Amino acid sequence: MAGSTLHDGLTPLNAAPEQTSDDAAGYYTLGEKLVDAKAPTGPIKDRWTTRKFENRLVNPANRRKLDIIIVGTGLAGGAAAATLGEAGYNVKSFCYQDSPRRAHSIAAQGGINAAKNYKEDGDSTFRLFYDTVKGGDYRARESNVYRLAEVSANIIDQCVAQGVPFAREYGGLLDNRSFGGVQVSRTFYARGQTGQQLLLGAYQAMERQVAAGTVEQFTRHEMLEVVVADGRARGIIARDMVTGAIETHLADVVVLATGGYGNVFYLSTNAMGSNVTAAWRAHRKGAYMANPCYTQIHPTCIPVTGSHQSKLTLMSESLRNDGRIWVPKNAADCEKDPRDIPEEDRDYFLERIYPAFGNLVPRDIASRAAKYMCDEGRGVGPKVKEIGPDGEERLVSRGVYLDLGAAIERLGRDKIEEKYDNLLDMYARITGEDPYETPMRIYPAVHYVMGGLWVDYELQTSIPGLFCTGEANFSDHGANRLGASALMQGLADGYFVLPNTIRDYLADGPFEKIAEDHPAVLEARAEVEARIQQFMSVNGTRSVESFHRELGHIMWEYCGMERSKEGLIKAIGLIRDLKKEFWSNVKVLGSAESLNQDLEKAGRVADFIELGELMCIDALNRRESCGGHFRAESQTEDGEALRHDDEFAYVAAWEWGGEDGSPVLHKEDLIYTAIEMKQRSYK
Amino acid sequence: MKLTLKIWRQANASAEGAVHTYELDGVSQDMSFLEMLDLLNEQLLTTGEEPVAFDSDCREGICGTCSLMINGQAHGPEVTTTCQLHMRSFSDGDTITIEPWRADSFPVVKDLIVDRSAFDRIIQSGGFISANTGSAPEANSVPAPRDKAQRAFNVATCIGCGACVAACPNGSASLFLGAKITHLGELPQGQPERYGRVTSMVAQHDHEGFGGCTNIGECAAACPKEIPLDVISQLNKDLRTAMFKGF
Ligand SMILES: Cc1cc2nc3c(=O)[nH]c(=O)nc-3n(C[C@H](O)[C@H](O)[C@H](O)COP(=O)(O)OP(=O)(O)OC[C@H]3O[C@@H](n4cnc5c(N)ncnc54)[C@H](O)[C@@H]3O)c2cc1C
Ligand code: SF4
Ligand code: FES
């Protein structure tokens, strides 16, 4: 913890930032600062305890009278539904899949962090907090992150009690591994399928409440609008995806747990249905969208092979523990069989540039390095078509080798098989190549978003009564996310944080019932119906899919791993044109009164287009490089990310500026009292 | 490559269905089976015919959403999910028949999509450990033998896809059921509810109209997660004990 001491947690260690650059001038208007995120004051280690005590209680007899809508059944939403149902509230739970068990959290592979210090290797709440803030490049709120570290240990207890089969040692105790650039072993895992097992735990707990009658579940339902009446969120408008019926659901409070929006890039490791619609509709109704440009790109995915591809598949980061990453030294060797390239002609570029961390450098650094190698013409694997920054189409190989050869020689094939199990089979299935025989090919892909709806310490958005949890909110990760921390956040929010903060809001309830013909309800319904009508009636010539793909190309090229002022301005123009084209030329067949997958997709893509523009504006404004945001204009002499804490140590919370207006930027200064900011260095 | 596709089309649950034939060209070996259907749908859009509805989400073999009978086999010719089946398993000129899961307890919703909510109701009937949030003991206070934890994990990997039901001539969900019973029954935390759980889950299974198990084994052969048949023995054993104990 290099010289960093346990501060009193009271005195500010940095001054408020003052932005002098203004790259996005003309694209936004400046709003008032956000001065109160509602974190309790006092020493950081006492803040959560203080808040739990301060928050009012709801007497058990009254809970039955309170209705809670939770949209999303991933780790964040499923855990919250189970817990609030148990507490005796009336919960209505929504998801677009046919079963809550299929939420995207199911796909998480690597593991979940917790400060249990089972290995006695010096872990503690403070160290997990410290690593997480540093990993996020000091762009996260310290109070939130501390709380996350604090409740992490309870998560493991909870999951084990539910029957989550974590990996165990021979003595029957839980096993841990180390993960993603961290020096302690604090990651709990269930082979390569940790997300699946955690989600099944939450799902089962929730189904138990369905049986008990406290949770009512609505599957194949898509939320398309929030109802905001008299300044408070009071319900949602949802479409029954089977019958097409538009339904109104009213409640005392609404929680969005709808996951991340990485699919704005078209190709990503996210599930096909992952979308931004719920968050975006709320944004248009007044909820701020924070740090939308922060995207995490994961270095070890299976590369794109052709234009037919619908998604990218992640290969767990843990492979970097045993795999060496290289490209040929000479571009002329790129088409050769890698086994025919002798050792001296291989460039182990991460080991060369970052000798201290080698293949284990953080995700953003590993990703950028791979991109540079391919940009130089030393990428390997099939050539794919892409549109370059000059607007010209070109053919490039987008892959680098991840070579397990040395590890197989050292440990034997059996050991590697046991360690990585289904991962290597999955690779073989997708690529048709045997990873035991020839080096695997990998390339970075969009994986997670750190941006999302702005929430205060209580997880409440800027709309009273609208809460947001899990990946859909912005709160805990800053500009980057360490491995195994998103699962931790989802479950922390769902099991422990939200249930304790929402009760303070509900203590004022039950709110006076609003009728189905309240003007706010009618307005929200009318908006949904008009929009659906519009999709069905454009009757143009282009498929929804083709718009999504084009948006994805723009986002990846100009707002992907590296961003520049020039590129971002260009992207904003292209996205605005695309939006016009969409509304005049999209084609949706079938009817709105039945299951219609193209119609579902049209709504999601329309929202992605608007979000894409905001992401570019946010990226344009932030003329600094931090975590998953790399601005070409802000780098050190040797090409590393350069932060500007004096200008940008703030959360950018954007307010919807109206259909023809520009977005309004509200800044929330990030003041640290427990940790001193430092530049990262992995050299 | 070029393919002839015979696909079950059905507008909704009450409509009558029929097999439609489509010719599709330009299919690459590297496509997943679902990407091949995406391609077909793009083609249908140009001719103004409504796209074929099918379920998928993760497209990496873990969410259990995809579900197709391909040439009469659940998830097709390989032991994997439909989203992880690649077109290199087929050859140029092939005719491929694509239908939805076939089981009375999984009614067709549209085209290739079926309703599997019966699985959720089986879980509701007891497929959980009752552990309220906040009341859990320290995780390491109850050790779990490694081999038992491993077996629990191996069967907990069931993705709830329903291929076992679709493959079974009786339409039984015993493999799915056995996997959950075994997962929870192998762990110390699952013991207090063990026998009540099996009784109520089996009752719900039967109530949903799933058939009885006659040990044919098609389920395990079709299961993409290779859940072994012995979970059904475990299920039967626990059920007998439960009856004996009067649950
Ligand atoms: C391949 C992969 C591997 C990962 N591995 C790890 C890992 O090892 N460790 C780690 O910590 N993190 C990992 N992550 C990240 C982590 O899995 C996610 O951040 C996390 O699971 C998100 O959980 P969530 O509950 O917020 O949302 P999700 O699980 O995405 O759930 C979203 C829910 O919202 C619903 N929904 C969305 N929109 C609507 C709407 N409009 N109407 C109705 N319902 C809607 C969906 O139906 C779903 O139920 C991984 C991510 C990926 C993609
Ligand atoms: S037992 Fe196998 S086939 Fe049946 S639902 Fe589970 S994973 Fe699917
Ligand atoms: S789409 Fe998730 S398992 Fe096939």
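Proteins come first, then strands; the chains are lettered A, B, ... in the order of their sequence lines, and each starts at number 1. Being a predicted model, the structure only gives us computed values, none of them experimental.
B:E226 is linked by a side chain to side chain donor-acceptor pair (under 3.5 Å) to nothing, counting only residues two or more places apart in sequence or in another chain. Legend: residues meeting side chain to side chain donor-acceptor pair (under 3.5 Å) with B:D57, ordered by chain and number and at least two apart, are A:Y96, A:Q97.
Of the two parts of A:T431, only the backbone, made up of N, CA, C and O, holds a non-hydrogen atom closer than 4.5 Å to a non-hydrogen atom of chain B. No part of B:S117 comes within reach of chain A, as not one of its non-hydrogen atoms sits under 4.5 angstrom from that chain. Neither the backbone nor the side chain of B:S32 comes within contact range of chain A, judged by heavy atoms closer than 4.5 Å. B:K148 does not touch chain A: none of its heavy atoms, backbone or side chain, sits under 4.5 Å away. In this structure, chain A has a heavy atom under 4.5 Å from the backbone of B:V52, while its side chain stays farther away. Both the backbone and the side chain of B:R59 come within less than 4.5 Å of a heavy atom in chain A. Heavy-atom distances place both the backbone and the side chain of A:Q158 under 4.5 Å from chain B.
Under the 3.5 Å distance criterion, the side-chain polar atoms of A:R102 are matched with a main-chain donor or acceptor of B:G64. Between the side chain of A:Q162 and the main chain of B:A131, no donor-acceptor pair closer than 3.5 Å is present. Although no hydrogens or angles enter the test, the distance criterion places a donor-acceptor pair under 3.5 Å between the side chain of B:R88 and the main chain of A:R429. Judged purely by atom type and a 3.5 angstrom limit, A:Q196 uses its side chain to pair as donor or acceptor with the backbone of B:T157. Here the side chain of A:H308 pairs no donor or acceptor atom with the backbone of B:D38 at under 3.5 angstrom. Panel note: side chain B:E42, backbone A:S543; no donor-acceptor pair is recorded below 3.5 Å.
Here the OG1-CG distance, from A:T541 to B:L45, works out to 9.0 Å after rounding to the nearest 0.5 Å. In this structure, CD1 on A:I155 lies 11.0 Å from OG1 on B:T133, to the nearest 0.5 angstrom. Atom CG of A:L589 sits about 9.0 Å away from atom CG of B:L44, to the nearest 0.5 Å. The CE atom of A:M272 sits 12.0 Å away from the SG atom of B:C66 when rounded to the nearest 0.5 Å. Once rounded to the nearest 0.5 Å, the distance linking CD of A:Q197 with CZ of B:F153 reads 5.5 Å. Atom CD of B:Q84 and atom CD1 of A:I430 lie 4.5 Å apart (nearest 0.5 Å).
When each of A:S274, A:S546, A:A212, A:A271 is checked for heavy-atom pairs under 4.5 Å with chain B, A:A271 comes out on top.
Checked against B:Q124 for a side chain to side chain contact (heavy atoms under 4.5 Å, CB included), the options A:Q217, A:Q209, A:R208, A:Q204 give a single hit: A:Q217. A salt bridge (Lys or Arg N to Asp or Glu O under 4.0 Å) with A:R220 holds for exactly one of B:D55, B:D115, B:D120; it is B:D55.
Residue A:K119 qualifies as enclosed at atom NZ: its count of foreign heavy atoms under 6.0 Å is above 12. Annotation for B:H207: atom NE2 does not count as buried by contact number, only 12 or fewer foreign heavy atoms lying within 6.0 Å.
Side chains of B:N140 and A:R168: no donor on one and acceptor on the other come within 3.5 Å.
Contact of the B:P51 side chain with the A:D598 side chain is registered, since non-hydrogen atoms from C-beta on lie closer than 4.5 Å.
A salt bridge links B:E138 and A:K116; the closest N-O separation between the charged side-chain nitrogens and carboxylate oxygens is under 4.0 Å.
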